[in-house]
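Worksheet for the structure shown next.
The sequence lines fix the lettering, A, B, ..., with proteins before strands; numbering per chain opens at 1.
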2 protein chains.
Amino acid sequence: MSTSATPRERLLDAAGELFYRDGVNIGVDALCKAAGVSKKSMYQLFRSKDELIAESLASRGPAYQTMLHPGAEDDRPPRERILTVFDRQDAMVAAGNYLGCPYVSTAVELKNPEHPGSVVARHFKQQLTDFFHRELVKAGAEDPAMLAVQLTMIFDGAAARAVVRAQPLGGIGATTAAALLDAAGVQAGELALS
Amino acid sequence: MSTSATPRERLLDAAGELFYRDGVNIGVDALCKAAGVSKKSMYQLFRSKDELIAESLASRGPAYQTMLHPGAEDDRPPRERILTVFDRQDAMVAAGNYLGCPYVSTAVELKNPEHPGSVVARHFKQQLTDFFHRELVKAGAEDPAMLAVQLTMIFDGAAARAVVRAQPLGGIGATTAAALLDAAGVQAGELALS
DNA sequence: TGTGCTGGAAACAGATCGGTTTCCATGAAG
DNA sequence: CTTCATGGAAACCGATCTGTTTCCAGCACA
């Protein structure tokens with residue numbers, strides 16, 4: 001437990017990790033202990049545990065996206081940029097420390113779709129769909145909106161396979177996404193006709 | 001709370017519903033109250049709450065499969081029989097009482113893949129894959145094993161969309177499954193060349 | 001040296017957790 | 001009527017839950 005970061009950052013980090021690994025039902029005591037922060041401080045920084053759940057999900061969004069999405073400097077064609085997301089997910093599954101999409105898992109545990117954490121989860125899923133949509137528009141796909149949703153669905157399906165520990169079938173997410181892109185005519189190297 | 005069924009049946013029914021609706025963290029007190037059974041009786045019938053979780057999941061398997069899979073009397077070609085699963089899932093989502101696949105959701109909440117409930121979840125997912133596989137073999141698909149896994153993945157992805165309450169896109173599961181079947185050459189009305 | 005603020009340690013509160021036990025109403029068998 | 005097994009109601013256990021409060025060590029600043 002490094003004391004370098006501020007108590008708020010330490011709490012958000014510990015929350016992001018423990019809520020993901022042990023579920024949102026982990027106690028505040030364990031959380032504060034892991035963060036090296038007293039409960040008093042925690043309740044001064046966050047109104048409630050529910051707010052901490054939402055804030056920790058939101059705070060990890062950018063890092064999570066950087067981990068999944070290819071950067072702007074990656075100038076490969078849209079199809080490759082899209083498949084990169086699935087390749088990176090596959091790599092996390094293969095590494096063995098992937099317990100499903102943190103946003104979907106948290107939404108599953110919270111049940112209530114109006115919970116602030118569920119709202120963040122919905123927002124993040126939309127951002128993934130938006131990324132796919134942008135790439136598909138660049139590729140000149142015929143129905144980018146629907147295809148983007150389909151890709152997001154495959155992403156979450158692959159995550160579910162990891163959760164239930166189904167017999168691993170390496171690269172099944174990327175394979176399926178590629179099949180869908182093929183069917184939609186988004187081919188390797190194809191770019192918009194701009 | 002009907003007193004007609006045996007205490008065991010009442011418990012399994014209540015558990016199946018409440019664990020699904022409120023999550024496996026609901027207390028045994030609330031559960032027994034809903035089932036009209038005392039805790040004493042519950043702990044005579046089941047060794048622990050964990051065992052009740054697993055048994056309730058297992059007991060609901062057949063009914064859940066009957067709800068999703070087309071029956072043997074449905075003699076339409078494999079492609080239609082496969083798409084029926086997604087159509088029925090879509091119907092449940094549209095009806096508004098669908099909170100995701102009970103087996104995946106429970107596995108997400110339990111975290112531990114060795115938990116008896118997680119084992120049942122894994123088993124059920126395999127059964128869905130097996131159903132797809134049988135139909136794909138009947139249809140003479142080229143790689144039925146992989147395609148069956150892909151379809152299961154789409155099923156779980158569609159379930160995840162329902163959980164996070166993503167903007168509904170009617171029939172997206174069936175549409176995607178159909179696109180995949182098209183790409184694999186499993187066409188409407190096609191049957192095995194037996 | 002004295003003052004005031006920050007924040008951790010820990011006790012506390014009231015509720016609930018999984019699980020066990022006691023007690024008693026009921027109803028069938030002799 | 002007596003006897004005995006069933007099973008519900010509810011108390012009880014120790015642990016843990018979210019959230020609050022008290023107390024005090026440390027430290028910047030005058």
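- Taking 4.0 Å as the cut-off between side-chain N and carboxylate O, A/E55 and A/R47 do not count as a salt-bridged pair.
- Comparing D/dG8, C/dT20, C/dG8 by their nearest atom to the side chain of B/R10 picks out D/dG8.
- Across all strands, B/L52 comes closer than 4.0 Å to no nucleic acid atom at all (heavy-atom distances).
- Rounded to an integer number of Å, the gap from B/N25 CG to D/dT16 P is 15 Å.
- When each of B/I26 and A/K40 is assigned the nucleotide of DNA chain C bearing its nearest heavy atom, the one mapping closer to the 5' terminus is A/K40.
- B/K49 contributes no side-chain N or O that forms a donor-acceptor pair with the base of C/dG18 under 3.5 Å.
- Whole-Å rounding puts the B/D29 CG to C/dG18 P distance at 7 Å.
- Rounded to the nearest 0.5 angstrom, B/I172 CD1 and B/F86 CZ are separated by 12.0 Å.
- Computed from coordinates, the A/L11 CG to C/dG7 P distance equals 12 Å when rounded to whole Å.
- Residue contacts for A/L45: at a heavy-atom cut-off of 4.0 Å it reaches no nucleic acid atom on any strand shown.
- One finds a side-chain N or O of A/S41 lying less than 4.0 angstrom from the OP1 or OP2 phosphate oxygen of C/dG8.
- As rounded to whole Å, 10 Å separates atom C1' of D/dA11 from atom NZ of B/K39.
- Taking the six-membered ring where the residue is Trp, the centroids of A/F155 and A/F124 are separated by 6.0 Å or more.
- Rounding to whole angstrom units, NZ of residue B/K33 and P of C/dC17 are separated by 12 Å.
- Not one side-chain nitrogen or oxygen of B/Y43 sits closer than 4.0 Å to the OP1 or OP2 atom of C/dT20.
- When the P atom of C/dG18 is taken as reference, atom CG of B/L18 falls 12 Å away, rounded to whole Å.
- Regarding A/D22, its CG atom lies at a distance of 14 Å from the P atom of D/dT16, rounded to whole Å.
- Considering every non-hydrogen atom in both A/P113 and A/S118, the closest pair reads O-CB, 3.5 Å.
- Electrostatic pairing of B/D22 and A/K111 does not count as a salt bridge here, judged by no charged N lying under 4.0 Å from a carboxylate O.
- Rounded to a whole Å, the CZ atom of A/R47 is 12 Å from the P atom of D/dT20.
- Take the nearest nucleotide of DNA chain C for B/G27 and for A/M42: the residue whose nucleotide is more 5' is A/M42.
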